[in-house]
Amino acid sequence: MAIKYKWLTEILREWIHKNISLGNVRLPSEMELCTKYKVSRQTVRLSLSILEQEGLIEKRHGSGSYITGLSSDASANTIGILISNKDEYFYPGLLDDITGSLKTYGYSCKIWETHNEIAREREILLELIGKPLRAILVEGCKSALPNPNPTLYKKLQEMGTTVLFLNNYYPELSDILYIKDDNLSGSEQLIRHLANAGHTSIAGIFKIDDLQGTERYRGFLETLTQLGLPISDGHVGWFSTRELNQLQAAQDTLFLKSFIKNSLSDCTAVVCHNDEIAYWLIRELQLSGYTLPGDMAVASFDNTYLCTSGPLSITSLSHKLHETGQTAASMIIDKLKGLPVLSREIPWFLVERESSDT
């Protein structure tokens, strides 16, 4: 039996490797394995026990044995995460959800920060091509602009790395999975909320070099059109990654001052790209003599701690607690198991606060 169980274990390892890519995640039953390979039930159970100890399968009482997606080489069970900034804004909570969920499945994580820089992203990808991981979760860099790096992602895919985009994606990589916010319907919710409160002249400020910004802008325009509200290029402001970095590093609010001066004079409400922008815009509006929310209603995306950290609590869009990070981890795990996985857009719900009170 000693020789037979080792022989069967190796056969089943090969079966697992082959069938992950075919989407077959349940092993044949013990009886089916006995019949097919002409071995005893004791031999089958011993082989399955070894595979379970190696983390390659999990046994479910009354159901059978299932592929976990893990490798028998523990050092190979690392998932990379490429993120803009692991310590700022909503990223710490998101990363805790992702890494915590992956850990429960037996995976470890390695995090790289890109600072939303294409050159840094490229440097990381070239490093990964030299030593590919099982999978990577990626927040694309300046995803609204042309980028030379999609060819490197394609190369990693060819080498067997599973890729999942987080928060955005690159249009050139239409076959790669993504999980992101439902930005179009998010903007619609905010505009309709403000319009229902009586606002007819609504401004917006968005991030120009990331997909989130252009999608939120698109939803902003489409909803104003649907409601028959006026559209004016002069009521729209844009900011870049460089201006955001200056805001975070030195509290440089020059672009917000310019937006207030040039875009808000005949508006009564404004939709902000996210809570960070809303937080600083409210401060600048008050310094400019605005009484809030009477003179200007403010609404934003993300529902982070910043919504309740300033002089005025901010109306913002939120997701269910832990939804994005846990869903991203589940998508990666299912993909590694060979299960069919579809891209996801996470829906928003509105949290009303002082900044949009009528």
Side-chain angles (χ1 to χ4, degrees), residues 1-81 96-110 131-137 156-164 166 175-177 179 322-344:
M1 185 182 75
I3 296 176
K4 282 188 175 181
Y5 87 79
K6 291 180 180 179
W7 167 77
L8 180 60
T9 301
E10 187 57 35
I11 285 178
L12 293 178
R13 285 196 192 100
E14 293 176 3
W15 186 96
I16 289 169
H17 178 74
K18 177 182 177 181
N19 280 268
I20 281 180
S21 61
L22 298 176
N24 300 325
V25 296
R26 185 179 182 277
L27 271 69
S29 68
E30 291 183 1
M31 186 59 67
E32 288 171 332
L33 292 173
C34 291
T35 301
K36 181 174 181 178
Y37 296 108
K38 298 179 174 56
V39 294
S40 69
R41 198 155 193 164
Q42 184 179 3
T43 298
V44 168
R45 287 178 174 174
L46 185 53
S47 293
L48 293 177
S49 177
I50 292 171
L51 295 174
E52 186 177 29
Q53 291 173 20
E54 293 176 351
L56 295 177
I57 64 170
E58 59 179 357
K59 293 180 180 179
R60 301 178 189 174
H61 182 69
S63 179
S65 299
Y66 292 81
I67 295 173
T68 63
L70 290 166
S71 168
S72 56
D73 178 5
S75 65
N77 294 319
T78 299
I79 295 177
I81 303 175
D96 283 348
D97 289 339
I98 293 171
T99 57
S101 295
L102 290 173
K103 185 177 180 181
T104 63
Y105 287 100
Y107 291 90
S108 61
C109 296
K110 182 175 181 180
K131 191 175 181 181
L133 299 177
R134 298 286 309 285
I136 55 174
L137 279 75
L156 280 168
Q157 275 195 313
E158 292 168 0
M159 299 174 75
T161 297
T162 293
V163 180
L164 173 64
L166 182 67
D175 60 328
I176 292 185
L177 289 170
I179 176 172
H322 311 302
E323 182 175 16
T324 300
Q326 292 179 354
T327 302
S330 294
M331 290 172 68
I332 281 287
I333 297 303
D334 286 348
K335 188 67 176 175
L336 290 174
K337 287 181 177 180
L339 293 169
V341 183
L342 298 175
S343 293
R344 293 281 302 274

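Because only heavy atoms are used, hydrogens play no part in the values below, and waters and symmetry mates are left out as well, while side chains stay in. Bear in mind that the values here come from a model prediction, so they are computed numbers and not experimental data. Start at 1 with the first residue, then count along the sequence.
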- prompt: Would you say R26's side chain and S63's backbone share a donor-acceptor pair under 3.5 angstrom?
  reply: yes
task: Please name all residues satisfying side-chain hydrogen bond (donor to acceptor under 3.5 Å, both in side chains) with T9, sequence neighbours left out, ordered by chain then number.
output: S47
message: Rounded at 0.5 Å granularity, tell me how far OG1 in T43 sits from CD in E30.
response: 11.5 Å
message: If I take atom OH from residue Y66 and atom CG from residue L339, how far apart are they, to the nearest 0.5 angstrom?
response: 10.5 Å
message: Please enumerate all residues that pass side-chain contact (heavy atoms from CB on, under 4.5 Å) together with K110, with sequence neighbours excluded.
response: T78, W112, E127
query: In Å, rounded to the nearest 0.5 Å, how long is the span from CG of D334 to CG of L342?
result: 11.0 Å
query: Can you tell me how far CG of L8 sits from NZ of K6, rounded to the nearest 0.5 angstrom?
result: 13.5 Å
message: Testing the basics here: between R13 and I50, what is the closest heavy-atom pair and its distance to 0.1 Å?
response: NH2-CG2, 4.2 Å
field: I79 side chain reached by Y105 side chain, heavy atoms, under 4.5 Å
entry: no
Result of checking M331, K335, K337 against I333 for side-chain contact (heavy atoms from CB on, under 4.5 Å): K337
message: Could you go through L12 and L33, starting from their C-alpha distance and side-chain angles, then the distance that decides it, and tell me whether this counts as side-chain contact (heavy atoms from CB on, under 4.5 Å)?
response: CA-CA 10 Å; L12 293 178; L33 292 173; 3.9 Å; yes
task: Please list, chain by chain and in numerical order, all residues satisfying side-chain contact (heavy atoms from CB on, under 4.5 Å) with Q157, sequence neighbours excluded.
output: V163, D175, I176
task: Mind checking side-chain contact (heavy atoms from CB on, under 4.5 Å) for S65 and listing every partner two or more places apart, or none if nothing turns up?
output: L27, L48, I57, K59
message: Using every non-hydrogen atom in the two residues, find where M31 and R41 come nearest and quote the distance to one decimal.
response: CE-NH1, 3.3 Å
field: The single option from T99, L164, I136 passing side-chain contact (heavy atoms from CB on, under 4.5 Å) against I81
entry: T99
statement: Sorted by chain and number, sequence neighbours left out, side-chain hydrogen bond (donor to acceptor under 3.5 Å, both in side chains) with E52 holds for none
field: salt bridge (Lys or Arg N to Asp or Glu O under 4.0 Å) against E323, all qualifying residues, sequence neighbours excluded
entry: none
message: Return the SG to CD distance between C34 and Q42, rounded to the nearest 0.5 Å.
response: 10.5 Å
field: Test salt bridge (Lys or Arg N to Asp or Glu O under 4.0 Å) applied to E32 - qualifying residues, sequence neighbours left out
entry: none
- request: Report the C-alpha distance between Y107 and I332 in whole Å, list the side-chain angles of each, state the deciding distance to 0.1 Å, and finish with yes or no for side-chain contact (heavy atoms from CB on, under 4.5 Å).
  value: CA-CA 11 Å; Y107 291 90; I332 281 287; over 6 Å; no
field: Heavy-atom closest pair, residues A328 and L166
entry: CB-CD1, 4.2 Å
- request: Mind running side-chain contact (heavy atoms from CB on, under 4.5 Å) on L51 and E58 for me, showing each step along the way?
  value: CA-CA 8 Å; L51 295 174; E58 59 179 357; over 6 Å; no
- prompt: Do the side chains of L137 and I179 get nearer than 4.5 Å, heavy atoms only?
  reply: no
Any residue meeting side-chain contact (heavy atoms from CB on, under 4.5 Å) with A329, in chain and number order, not counting sequence neighbours: S101, L102
task: Apply the test side-chain contact (heavy atoms from CB on, under 4.5 Å) to residues R134 and T161: give CA-CA distance (whole Å), side-chain angles for both, the deciding distance (0.1 Å), then the verdict.
output: CA-CA 5 Å; R134 298 286 309 285; T161 297; over 6 Å; no
task: Any chance you could measure Y5, atom OH, to S49, atom OG, to the nearest 0.5 Å?
output: 10.0 Å
query: Under the side-chain hydrogen bond (donor to acceptor under 3.5 Å, both in side chains) test, which residues partner T104, sequence neighbours left out?
result: none
field: Flag side-chain contact, heavy atom, 4.5 Å: W7 against V39
entry: yes
query: Under 3.5 Å, is there a donor-acceptor pair between the S330 and T327 side chains?
result: no
